[in-house]
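Counting from 1, the numbers follow the sequence of the chain as shown. Each ligand, and each atom within it, is numbered from 1 in the order the structure gives. Keep in mind that the numbers below use all heavy atoms, side chains included, and drop hydrogens, waters and symmetry copies.
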Amino acid sequence: MSSKLYENGSSQAVALADLIAAQVQVIVTAYSASGQTIPSLDSTTAGPFDEPANTPANISMAIQLIEAACAQLCATVASPGHSITKKTYNYVEPACMLVVVNAKIADLLLGKPEGEHVEVLAKQAELDTGKLGRVLRLLATNHCFIEVKPNVFANNRLSLKLVSSDPTSAMVGLLTDEGLKSSAYVNETLFDPKSGPSMLPEDAAFKRAHGSPIFELHKRPEEKYRADRFAEAMIGWATVTDGNDLSKVYPWDELPPGTTICDVGGNTGHATLPLIKAHPKLQIVLQDLPAVIEQAKEFWRRENPKAIDNQNIHFVPVDFFKDSLTHGCDYYYIRHVLHNWAEVECIMLLTNVRKAMTSSSTLLIHDMVLQPLVRNTTSVFDQAPEPLLPNYGVGRVLLYQQDINMMGFVNSKERTLEEFIDLGSQAGFDFVKIWDAGEANSLLEFRAL
Ligand SMILES: C[S@@+](CC[C@H](N)C(=O)[O-])C[C@H]1O[C@@H](n2cnc3c(N)ncnc32)[C@H](O)[C@@H]1O
Ligand SMILES: *[C@@H]1O[C@H](CO)[C@@H](O)[C@H](O)[C@H]1NC(C)=O
Ligand SMILES: *[C@@H]1O[C@H](CO)[C@@H](O)[C@H](O)[C@H]1NC(C)=O
Ligand SMILES: *[C@@H]1O[C@H](CO)[C@@H](O)[C@H](O)[C@H]1NC(C)=O
């Protein structure tokens with residue numbers, strides 16, 4: 001609920017429009033400070049703030065406020081039935097994206113600013129001309145691709161992300177194929193008395209859509225392209241969403257040389273690699289399953305061989321549920337792991353971490369944290385200004401989309417701060433502090449009890 005100041009829709013609409021105007025000015029000013037203007041939607045040139053990792057916090061904030069305010073303003077002024085219909089129809093857009101990614105339309109349009117006739121594209125992609133044209137027109141209406149002349153389409157800033165060499169296109173493939181199909185089965189899955197309350201991957205909507213749980217499906221030789229696409233999609237997800245890189249989120253500078261950080265379930269260590277580059281006095285102990293650790297060694301040999309030579313990175317294969325983790329590190333860092341698991345497994349993992357710690361070790365959980373929708377004057381979260389929703393509404397909706405996606409894929413979840421604190425306390429940890437780590441990510445600091 002908004003306060004008295006915004007008690008009617010007219011005052012809200014005007015406040016939202018003012019907020020949009022003010023934040024657009026912030027962004028225009030930031031571009032002019034770097035001698036540029038915001039690239040037009042029709043262009044294919046890269047802008048200085050295209051990657052979240054290169055975007056200053058104040059610019060990301062202005063973008064989130066604009067996204068939230070635009071969506072809220074539209075919902076305020078539009079007819080409710082019309083708004084609901086458009087929201088409901090949203091599923092056709094991902095359906096069209098999958099067609100375009102499979103047909104590699106963005107690849108076919110590379111280096112052709114004048115565009116290509118849909119007849120030529122359809123022929124190359126072995127699709128029906130009329131239908132491909134309709135698919136592209138829907139996407140172009142939503143600002144992905146442009147129609148430069150009737151039936152002639154070209155790439156723009158958004159469609160370039162669909163080029164097959166960009167890992168974002170793998171993420172689009174994963175979400176519009178396996179994600180969209182799983183979503184279609186959420187209704188049955190939730191209403192079913194057995195699968196409804198279950199937190200097991202084998203009861204997830206994914207299973208109904210594909211016949212087996214995701215990681216079983218991905219193990220089959222004939223489905224190898226899905227496993228490969230999944231790995232690539234994780235890289236895509238990280239590049240498009242992770243705001244601040246870890247090296248900027250925590251005061252690492254203040255730590256003594258030789259401070260050890262155990263990256264638990266760290267995969268190839270792509271989160272701790274930039275940390276070591278920025279703070280070469282730190283030591284990383286990377287722990288993941290044996291096969292993953294072998295991939296990690298290759299990754300570091302390629303990306304930062306110096307860290308291997310200087311023994312700044314140690315590779316330790318482990319099953320984090322069964323084996324003892326490396327004992328006595330100063331930090332235990334767990335990023336995007338807990339959201340894969342139900343409470344039981346999370347507590348098992350955290351208890352295992354707790355056993356490896358000394359009294360001076362610190363636990364850092366790096367995850368998305370769901371934010372309250374009700375304004376709270378004592379909240380530890382930064383809250384959006386009124387009349388926006390305190391959780392930044394559509395500006396941070398990706399977090400809530402990801403939460404439902406986790407439900408559909410593997411029956412797991414994103415969590416609220418209270419849920420993280422509760423998991424921690426069940427495994428013997430006291431919550432210390434929350435650090436903002438970009439878009440919807442937070443670093444939660446815990447100490448062993
Ligand atoms: C979603 S990934 C997160 C990876 C990385 N921390 C990141 O932020 O990108 C989860 C990781 O947990 C690892 N993992 C899953 N089960 C494991 C187990 N039993 N023991 C050790 N690692 C495991 C996976 O191999 C994978 O690298
Ligand atoms: C945004 O922050 C940067 C530093 O990260 C600063 O140089 C710039 O002046 C700020 N821009 C605005 C509009 O506040
Ligand atoms: C959705 O769930 C309801 C309740 O179980 C069920 O009656 C209905 O058939 C389901 N709809 C679809 C399309 O599966
Ligand atoms: C407000 O936030 C504080 C701190 O996070 C929390 O303890 C409290 O329960 C919240 N109150 C409400 C009404 O949500």
Side-chain angles (χ1 to χ4, degrees), residues 1 167 174 183-196 201 205 208-209 214-215 218 227 230-239 241-242 245-246 261-275 284-296 299 315-326 332-341 345-346 348-349 352-353 364-383 390-391 402 405-406 409-410 412 414 416-422 431 433-434 437 441-444:
M1 290 288 265
L174 172 73
S183 293
Y185 289 88
V186 165
N187 174 69
E188 285 99 313
T189 308
L190 293 197
F191 278 110
D192 182 298
K194 178 175 170 285
S195 60
R208 283 179 202 254
I214 180 164
F215 294 115
H218 285 188
F230 186 88
E232 188 72 2
M234 293 302 110
I235 298 170
W237 172 261
T239 46
T241 65
D242 291 351
D245 87 51
L246 179 63
I261 299 155
C262 183
D263 188 355
V264 183
N267 200 266
T268 55
H270 59 94
T272 37
L273 186 103
L275 180 62
I284 307 292
V285 180
L286 185 66
Q287 303 223 279
D288 206 294
L289 294 167
V292 179
I293 287 295
E294 288 312 308
Q295 290 174 320
F299 175 74
F315 301 96
V316 184
V318 73
D319 179 328
F320 57 41
F321 292 124
K322 297 195 187 119
D323 306 330
S324 300
L325 300 170
T326 299
Y332 289 82
Y333 173 68
I334 310 183
R335 177 180 180 273
H336 296 173
V337 171
L338 297 180
H339 77 161
N340 289 328
W341 304 100
E345 285 87 9
C346 288
M348 211 180 347
L349 169 54
N352 205 12
V353 172
L364 293 174
I365 296 175
H366 189 161
D367 245 313
M368 288 185 149
V369 180
L370 297 168
Q371 299 178 16
L373 272 149
V374 178
R375 237 164 241 289
N376 177 348
T377 45
T378 58
S379 173
V380 294
F381 284 108
D382 152 47
Q383 300 178 77
N391 72 347
Q402 170 71 353
N405 192 48
M406 293 307 287
F409 268 80
V410 287
S412 68
E414 305 301 335
T416 62
L417 179 62
E418 283 69 28
E419 286 173 311
F420 278 114
I421 294 177
D422 185 50
F431 172 66
K433 190 172 164 148
I434 180 167
N441 277 287
S442 301
L443 202 60
L444 305 179

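Residue contacts with ligand 1: Asp319 is placed with a nitrogen or oxygen under 3.5 Å of a nitrogen or oxygen of the ligand (distance criterion only). Looking at Asn267 next to ligand 1, an N or O pair under 3.5 Å apart turns up. Residue-to-ligand polar distances place Arg335 within reach of ligand 1: an N/O pair is separated by less than 3.5 Å. Of the N or O atoms in Val292, none lie within a sub-3.5 Å distance of an N or O in ligand 1. Taking distance alone, with nitrogen or oxygen atoms compared against 3.5 Å, His270 approaches ligand 1 more closely than that limit. When only interatomic distances are considered, the shortest N/O to N/O separation between Gly265 and ligand 1 falls below 3.5 Å.
Listed by atom number, the atoms of ligand 3 under 4.0 Å from Glu188 heavy atoms are 14 (O). Interface atoms of ligand 4 facing Ser379, defined by a heavy-atom separation under 4.0 Å, are 2 (O). Ligand-side atoms of ligand 1 in range of Asn340: 1 (C), 10 (C), range being under 4.0 angstrom from any heavy atom. Shown in contact with Val318 at under 4.0 Å from a heavy atom are these atoms of ligand 1, numbered in order with element: 20 (N), 21 (C).
Listed here is the closest heavy atom pair of Glu188 and Ser195: O-OG, 4.4 Å. When every heavy atom of Met368 is checked against every heavy atom of Phe420, the shortest pair comes out as O-CE1, 3.6 Å. In this structure, Val318 and Pro290 approach most closely via the heavy-atom pair O-CD, 4.4 Å. The minimum heavy-atom distance between Asn376 and Gln383, with the atom names listed, is O-NE2, 2.7 Å. Across all non-hydrogen atoms, the minimal contact from Gly269 to Asp263 is CA-OD2, 4.1 Å. Between Pro390 and Val374, the shortest heavy-atom contact is CG-C, 3.9 Å.
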Q.
Between Trp341 and Ser412, is the side chain to side chain contact (heavy atoms under 4.5 Å, CB included) condition met? List the steps.
A. CA-CA 6 Å; Trp341 304 100; Ser412 68; 6.0 Å; no
Q) So Phe320 and Ile334, side chain to side chain contact (heavy atoms under 4.5 Å, CB included) or not? Walk me through it. A) CA-CA 11 Å; Phe320 57 41; Ile334 310 183; over 6 Å; no
Q: Apply the test side chain to side chain contact (heavy atoms under 4.5 Å, CB included) to residues Ile214 and His218: give CA-CA distance (whole Å), side-chain angles for both, the deciding distance (0.1 Å), then the verdict.
A: CA-CA 6 Å; Ile214 180 164; His218 285 188; 3.5 Å; yes
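Looking only at protein heavy atoms, the nearest one to atom 5 (O) of ligand 3 is Phe191 CB, 3.3 Å. The single protein non-hydrogen atom nearest to atom 7 (O) of ligand 4 is Glu418 OE2, 5.0 Å, given as residue, atom name and distance. The protein atom (non-hydrogen) at minimum distance from atom 11 (N) of ligand 3 is Asn187 ND2, 2.7 Å. With hydrogens left out, the protein atom closest to atom 2 (S) of ligand 1 is His336 O, 3.9 Å, a heavy atom. Nearest protein heavy-atom contact of atom 4 (C) of ligand 4 is Thr378 O, 3.6 Å. Residue, atom and distance of the protein heavy atom nearest to atom 16 (N) of ligand 1 are Phe320 CZ, 3.6 Å. Asp288 OD1, 3.5 Å is the protein heavy atom nearest to atom 24 (C) of ligand 1. When only non-hydrogen protein atoms are considered, atom 12 (C) of ligand 4 lies nearest to Asn376 ND2, 3.3 Å.
Put simply, atom 9 (O) of ligand 4 has no protein non-hydrogen atoms near it, under 4.0 Å away. Under the 4.0 angstrom criterion, atom 14 (O) of ligand 3 counts as having a protein heavy-atom contact.
At least one heavy atom of Gly266 sits under 4.0 Å from some atom of ligand 1. Taking 4.0 Å as the cut-off, Val374 does not count as a neighbour of ligand 4 on heavy-atom distance.
Remark: aromatic rings of Phe315 and Phe299 are distant, center separation not under 6.0 Å.
Residues satisfying the side-chain contact (heavy atoms from CB on, under 4.5 Å) criterion with Asn352, sequence neighbours excluded, are Leu325.
A 4.5 Å side-chain heavy-atom check between Leu443 and Tyr333 finds at least one atom pair inside the cut-off.
Between Leu246 and the choices Leu273, Asn441, Leu275, the side chain to side chain contact (heavy atoms under 4.5 Å, CB included) rule is met once, by Leu275.
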